[in-house]
Amino acid sequence: MEDKDAAEEGKEKSLDFIRTVIAQDNETGKHAGRVATRFPPEPNGYLHIGHAKSICLNFGIAREQEKGTCNLRFDDTNPAKEDVEYVDSIMEDVRWMGFKWDELHYASDYFERLYEFAVELIKARKAYVCDLSPEEVRAYRGTLKEPGKNSPYRDRSPEENLDLFTRMRAGEFADGSRVLRAKIDMAAPNLILRDPTLYRIRRAHHHRTGDAWLIYPMYDFTHCLSDSLEGITHSICTLEFENNRALYDWVLDNVSAPCHPQQLEFARLNLTYTVLSKRKLIQLVENGLVNGWDDPRMPTISGLRRRGYSAGAVRNFCEKIGVAKRASTVDMALLEFCVREDLNETAPRVMGVLNPLKVVITNYPEGESEELDCPLHPTDPSVGGRALPFSGELYIEQEDFMEDPPKKFFRLSPGKEVRLRYAYFITCTDVIKDENGQVTELRCTYDPATKGGDAPDGRKVKATLHWVSAPHACTAEVRLYEHLFTVENPNDVEEGKEFTDYINPNSLQILRDCKVEPLLANAAPGYQCQFERMGYFCVDSVNPETGTVVFNRTVTLRDQWTKIQKTQPAPKSQPKQDNKPKKNKGN
RNA sequence: AGGGGCGUCGUCAAGCGGUAAGACACAUGGUUUUGGUCCAUGCAUUCGGGGGUUCGAAUCCUCCCGCCCCUGCCA
């Protein structure tokens with residue numbers, strides 16, 4: 001053991017390309033050992049798992065450096081799309097992820113300074129007010145293959161530009177009638193550099209500056225200068241901004257900026273069976289295709305939280321996926337692995353029956369009951385235990401009984417003996433059906449000698465079932481979730497279809513008559529546990545008026561049995577008896 | 001007269017001239033009072049393709065191919 005650890009220590013953990021740059025900068029003393037990052041969301045939507053990757057990168061880097069800092073900065077330069085609801089949710093999500101920002105900033109706090117930088121550019125003949133309409137600007141820009149042509153307003157004098165820009169700010173011109181543009185190169189092969197817009201006129205109420213401004217700076221002008229003003233050393237963003245780096249550098253090179261951060265671009269996260277673009281996420285919410293941003297099916301941080309994911313699991317996931325420049329799509333199975341890994345360690349094991357089937361123990365003393373002392377975790381005694389009531393009337397899972405079982409079915413069937421976890425061995429003696437042939441109840445006998453779950457005579461059973469004592473059971477609502485989409489890549493849309501056409505109709509299944517052990521009657525919202533053999537669940541944070549506890553299934557357990565079933569020849573038809581017909585899970 | 005990026009196992013991802021890490025997934029055994037966990041084993045003779053340099057190439061050179069991003073007064 002010890003030498004193994006020692007061997008491991010010798011191995012250098014390989015750094016991703018961003019941390020490699022930072023390590024080099026530290027070595028050369030480029031920033032005197034200082035490392036300053038920032039997480040810069042625009043408050044125009046809720047954060048999702050893709051942002052979690054960026055959060056872990058930026059805050060993570062700051063945390064692992066001796067002199068590292070990470071700011072939270074809202075990139076709020078487009079009042080038309082932004083809202084305080086989003087800034088609040090973003091702060092909550094970053095905190096929940098387990099990070100603390102060093103400084104909190106809003107790009108809008110820099111508006112006055114940004115204006116001064118723009119004036120600087122105008123005075124240096126590097127920016128001009130352009131009267132072209134948006135359509136004309138587009139036409140003048142040229143195409144991917146052909147150069148653009150200069151705006152007729154390109155050579156206005158600094159005096160005239162200053163006058164016009166001042167009057168833009170003062171509100172003398174209509175929205176969209178003029179813009180301030182950088183004077184760079186209309187023939188630049190990088191279109192971003194063809195005299196990009198720096199300021200536009202917008203009579204919109206800003207969530208922070210109110211009506212103080214009528215002109216708003218564009219991202220490319222704002223972002224680099226905000227970074228500079230905050231003394232950011234490494235400005236980390238996603239790949240699609242690679243083209244913008246030329247402008248990022250141009251602005252900082254042509255203005256008296258305090259410092260020049262290095263922009264580094266990494267590949268954004270894509271996940272199978274979901275969408276991760278704000279536009280699409282907003283569409284799902286606004287069209288009522290999901291129940292809000294925190295719908296547990298959503299890949300949002302708030303959705304994952306409500307689903308029962310722990311911050312640690314999400315952080316772990318972000319570490320496992322790595323950081324690189326290659327466009328990639330991570331398998332959802334990895335995210336699921338990360339929650340299971342986390343919850344397996346910590347979650348108390350309890351009993352919950354999703355689709356109850358009544359079992360009467362015919363030789364158990366009528367009306368009696370007893371309490372079994374059971375651990376809450378199979379390997380970690382510190383999780384504690386609880387008293388579990390047992391009686392002659394129980395519920396077991398419908399799928400744990402088959403009247404005519406296939407070869408590899410180990411669970412209960414007529415004449416078969418199984419173990420009830422932590423309780424007794426029982427043997428099925430009778431099957432009771434209703435007039436439709438549906439199984440409504442099982443009659444079983446129990447062996448009093450097997451109390452606790454072991455037979456003194458050493459006989460074995462092939463299966464252990466979870467169960468709940470009927471008179472003691474608490475009725476609960478359980479929401480089962482599956483992938484939001486039926487296809488791996490919902491962005492890959494067939495001709496004439498939309499991504500919403502691939503929404504999984506079974507992504508949410510509500511079970512209203514589940515039976516859980518009494519311990520759970522007063523479980524607090526957010527409480528995470530494992531229903532033995534069924535999966536990890538958590539108490540929904542939004543409780544209904546009805547008073548019944550609502551559980552969200554975070555993730556199923558790994559399941560050999562369904563795999564075996566899939567590879568088995570179809571079993572002889574069985575009368576279905578679910579209270580809610582269950583679709584074949586998985587696709 | 002287009003420019004900027006990226007191609008290593010099914011999916012992520014190390015590797016940076018010395019002979020293909022790791023993780024998920026998958027498969028097979030073992031343990032087990034969860035068909036869970038855990039443990040063991042297997043899983044790229046080959047790095048988009050062709051040439052070249054070299055004793056030696058995923059790593060260097062070269063040509064080709066494929067994919068992503070850029071023509072918002074969005075970020």
Side-chain angles (χ1 to χ4, degrees), chain A residues 11 13-16 40-42 44 75-78 80-81 130 132-134 137-139 141-148 175-181 187-194 196-202 215-216 218-220 222-223 237-246 265 267 269 272 278-279 319-338 340-341 344-345 349 351 378-379 408-411 419-423 425 450 452-454 460-466 488 530-535 556-564:
Chain A
K11 263 186 229 163
K13 219 183 89 191
S14 63
L15 301 175
D16 58 66
E42 182 190 13
N44 68 343
D75 225 328
D76 55 352
T77 58
N78 186 0
K81 292 186 177 175
C130 182
L132 253 27
S133 69
V137 169
R138 198 178 314 131
R141 187 150 34 224
T143 68
L144 292 178
K145 297 244 158 68
E146 282 137 33
D175 283 12
S177 61
R178 278 169 233 257
V179 290
L180 181 74
R181 292 227 254 168
N190 180 354
L191 301 262
I192 302 275
L193 260 17
R194 318 247 259 229
T197 301
L198 266 22
Y199 270 88
R200 73 286 214 187
I201 306 172
R202 279 277 175 288
I215 56 173
Y216 290 95
M218 300 287 288
Y219 165 84
D220 286 305
T222 309
H223 201 90
C237 63
T238 44
L239 243 33
E240 64 272 24
F241 290 101
E242 240 164 351
N243 296 313
N244 300 56
R245 188 172 66 232
E265 310 88 5
L269 172 68
T272 55
K278 266 194 200 170
R279 203 203 101 236
E319 193 189 310
K320 280 188 159 71
I321 58 177
V323 179
K325 298 198 71 153
R326 180 181 346 175
S328 60
T329 302
V330 175
D331 196 334
M332 180 69 92
L334 181 60
L335 218 209
E336 294 174 345
F337 167 83
C338 289
R340 288 195 190 103
E341 187 184 42
N344 176 51
E345 295 280 310
R349 268 56 167 182
M351 307 271 215
T379 55
K408 294 201 175 160
F409 186 83
F410 301 153
R411 283 109 98 147
R419 169 167 43 230
L420 295 180
R421 176 141 238 222
Y422 297 136
F425 284 12
T450 56
D454 276 311
K460 303 284 182 206
V461 288
K462 295 268 271 191
T464 300
L465 309 187
H466 62 280
E488 272 199 26
Q530 182 196 108
F531 286 176
E532 296 234 19
R533 306 206 304 133
M534 299 309 284
T556 59
L557 257 28
R558 275 185 68 219
D559 185 1
Q560 289 297 315
W561 172 234
T562 44
K563 277 184 200 168
I564 293 168

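Letters go in sequence order (proteins before strands), and every chain restarts at 1.
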Under 4.0 angstrom, heavy atoms only, what part of the nucleic acid is [X] near: base, sugar-phosphate, or nothing?
{"X": "A/Asp220", "answer": "nothing"}
{"X": "A/Arg558", "answer": "sugar-phosphate"}
{"X": "A/Ala187", "answer": "base"}
{"X": "A/Arg349", "answer": "base"}
{"X": "A/Pro378", "answer": "base"}
{"X": "A/Asp454", "answer": "base"}
{"X": "A/Leu269", "answer": "nothing"}
{"X": "A/Phe531", "answer": "nothing"}
{"X": "A/Arg178", "answer": "nothing"}
{"X": "A/Tyr199", "answer": "nothing"}
{"X": "A/Phe410", "answer": "base"}
{"X": "A/Arg340", "answer": "nothing"}
{"X": "A/Gly142", "answer": "base"}
{"X": "A/Leu144", "answer": "base"}

Could you tell me whether the phosphate oxygens of [N], OP1 or OP2, come under 4.0 Å of any side-chain nitrogen or oxygen in [X]?
{"X": "A/Arg419", "N": "B/U34", "answer": "no"}
{"X": "A/Arg533", "N": "B/G35", "answer": "yes"}
{"X": "A/Thr77", "N": "B/A75", "answer": "yes"}

Quick one: which of B/C12, B/U34, B/G5 gets closest to the side chain of A/Glu532?
-> B/U34
Whole-Å [atom1] distance, [N] and [M]:
{"N": "B/U45", "M": "B/U37", "atom1": "P", "answer": "29 Å"}
{"N": "B/G42", "M": "B/A25", "atom1": "C1'", "answer": "14 Å"}
{"N": "B/G52", "M": "B/C70", "atom1": "C1'", "answer": "35 Å"}
{"N": "B/A23", "M": "B/C38", "atom1": "P", "answer": "13 Å"}
{"N": "B/C12", "M": "B/U31", "atom1": "P", "answer": "37 Å"}

Please confirm whether any donor atom in the side chain of A/Arg138 sits under 3.5 Å from an acceptor in the base of B/G72, or the reverse.
-> no
Polar side-chain contact A/Asn243-B/G3 base: donor and acceptor under 3.5 Å = yes
N/O donor-acceptor pair under 3.5 Å between A/Thr272 side chain and A/Asp331 backbone = no
Evaluate whether the aromatic ring of A/Tyr219 and the six-membered ring of the B/A75 base sit under 5.5 Å apart, centre to centre, with an inclination under 30°.
-> no
Check whether any side-chain heavy atom of A/Arg533 sits under 4.5 Å from a side-chain heavy atom of A/Arg421, and report yes or no.
-> no
Searching all strands shown, indicate the nucleotide that pairs with B/U41 (Watson-Crick or G-U wobble; both distances under 3.5 Å).
-> B/A27
